[in-house]
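Contents: one structure, followed by commentary.
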Amino acid sequence: MRSWRVATADEVRTRVRRAVGEPDGRPPVLAVDGRGSSGKSTFAGRLAQLWDGAAVVHTDDIAWRHAVLDWTTLLTEGVLAPVRAGEAVSYRPPQWDVGGRPGAVEVPADCTLLIVEGVGAGRRELTPLLDAVVWVDAENHDVDRRNAERVAAGETTPADFAAWMAEEDPFIEAERTWERAAFVIAGWPALPHDPAAEFIICS
């Protein structure tokens, strides 16, 4: 059972800054991990708004039409390696060309914080390339409700969702990424707070 409390945006930003440090010649890299539909994208977006020059990369974009969780090499070679070398990124994963998807995964050269968001973003295999991990936690009923909404809205099919969960559930349990996280954020907060200026964190 987690114990939750309200934290100001300033506190969360300070916690992240302390966790990632100040690498020389490159932006720090923060992984935002959690179960599917736990609120990772929302937290990553809010943090990016609080941090001048931050960029967000979604692992769902890296994995598009490629694999549920087997995308570590793509993320490493296409994004993390050049970022850690201090370079800008404009990366098109292979399946983007196959599927005719326009655009690219972009990280500007003057990025001040790279936030990598997605299920498995904080996996052990990526530890040497990450500066810190934040785990986004959510109650099962909130995750189940959000997943049902996504299926109902046609974002995924029941069969594709079942296949995803068949990989995600054992992966999450094996990785136990929350145990390596700098701190834990509530993805679907139950405590009263101001969503514009506050977060709910594990005390």
Side-chain angles (χ1 to χ4, degrees), residues 1-7 9 12 16 30-51 54-72 74-75 93 95-96 98-103 105-106 115-123 133-178 181 183-202:
M1 178 69 70
R2 299 196 190 279
S3 177
W4 301 103
R5 67 174 178 84
V6 177
V12 169
V16 170
L30 175 72
V32 175
D33 205 338
R35 296 174 59 197
S37 297
S38 63
K40 301 178 302 301
S41 296
T42 298
F43 172 71
R46 290 186 63 195
L47 179 61
Q49 290 179 338
L50 295 172
W51 196 294
V56 179
V57 167
H58 304 282
T59 62
D60 281 352
D61 291 332
I62 303 296
W64 188 75
R65 295 188 179 180
H66 175 74
V68 173
L69 290 165
D70 185 16
W71 39 256
T72 306
L74 297 183
L75 179 66
Q95 288 301 316
W96 286 36
V98 174
R101 178 171 172 172
V105 176
E106 305 274 2
I115 304 168
V116 180
E117 172 276 322
V119 178
R123 64 182 66 191
V133 178
V134 169
W135 179 261
V136 179
D137 199 60
E139 297 290 342
N140 288 339
H141 60 83
D142 287 319
V143 170
D144 291 343
R145 173 178 52 79
R146 179 59 180 136
N147 283 331
E149 291 172 352
R150 286 179 163 174
V151 172
E155 294 181 30
T156 185
T157 66
D160 286 347
F161 173 71
W164 175 283
M165 296 309 296
E167 291 193 44
E168 178 180 308
D169 286 343
F171 178 87
I172 292 291
E173 186 56 35
E175 287 285 331
R176 303 184 67 82
T177 305
W178 58 88
F183 60 94
V184 177
I185 286 280
W188 295 90
L191 293 180
H193 70 293
D194 177 3
E198 296 174 326
F199 297 83
I200 305 301
I201 68 172
C202 186

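- Put simply, the side chain of V16 reaches to within 4.5 Å of the side chain of W51, judged on heavy atoms.
- For W188, the ring pair (Phe, Tyr, Trp, His ring centres under 6.0 Å) criterion is met by no residue, not counting sequence neighbours.
- Listed by first and then second residue, the salt bridge (Lys or Arg N to Asp or Glu O under 4.0 Å) pairs that reach into residues 55-64 are D61-R101, sequence neighbours excluded.
- Annotation: the span from R35 atom CZ to I172 atom CD1 amounts to 8.0 Å, rounded to 0.5 Å.
- In this structure, H193 contributes its side chain and L191 its backbone to a donor-acceptor pair below 3.5 Å.
- Separating the OG atom in S38 from the CG atom in N140 is a distance of 11.5 Å, to the nearest 0.5 Å.
- To the nearest 0.5 Å, the span separating CZ on R2 from CH2 on W135 amounts to 8.5 Å.
- With contacts defined as side-chain heavy-atom distances shorter than 4.5 Å, the pair S37/R150 qualifies.
- Side-chain N or O atoms of D33 include one that pairs as donor or acceptor with a backbone N or O of G120 at under 3.5 Å.
- Side chain of R123 to main chain of L69: a donor-acceptor pair is present (N/O by atom type, distance under 3.5 Å, no hydrogens or angles).
- For the pair L30 and L47, the minimum side-chain heavy-atom distance is below 4.5 Å.
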Mind listing the side-chain donor-acceptor pairs of residues 158-169 below 3.5 Å, one per line with the distance, residues two or more places apart or on another chain?
{"from": "D160", "atom 1": "OD2", "to": "T157", "atom 2": "OG1", "distance (Å)": "3.3"}
{"from": "W164", "atom 1": "NE1", "to": "E168", "atom 2": "OE1", "distance (Å)": "2.4"}
{"from": "E168", "atom 1": "OE1", "to": "G36", "atom 2": "N", "distance (Å)": "3.4"}
{"from": "E168", "atom 1": "OE2", "to": "G36", "atom 2": "N", "distance (Å)": "3.0"}

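- For R145, the salt bridge (Lys or Arg N to Asp or Glu O under 4.0 Å) partners are D142, E149, not counting sequence neighbours.
- Panel note: side chain R46, backbone A9; no donor-acceptor pair is recorded below 3.5 Å.
- Here E198 pairs with nothing under the salt bridge (Lys or Arg N to Asp or Glu O under 4.0 Å) rule; sequence neighbours left out.
- Residues satisfying the ring pair (Phe, Tyr, Trp, His ring centres under 6.0 Å) criterion with F43, sequence neighbours excluded, are F199.
- Under the 4.5 Å side-chain criterion, counting only non-hydrogen atoms from C-beta, T59 is in contact with V116.
- If you take CD1 on I115 and OG on S41, they are separated by 11.0 Å, rounding to the nearest 0.5 Å.
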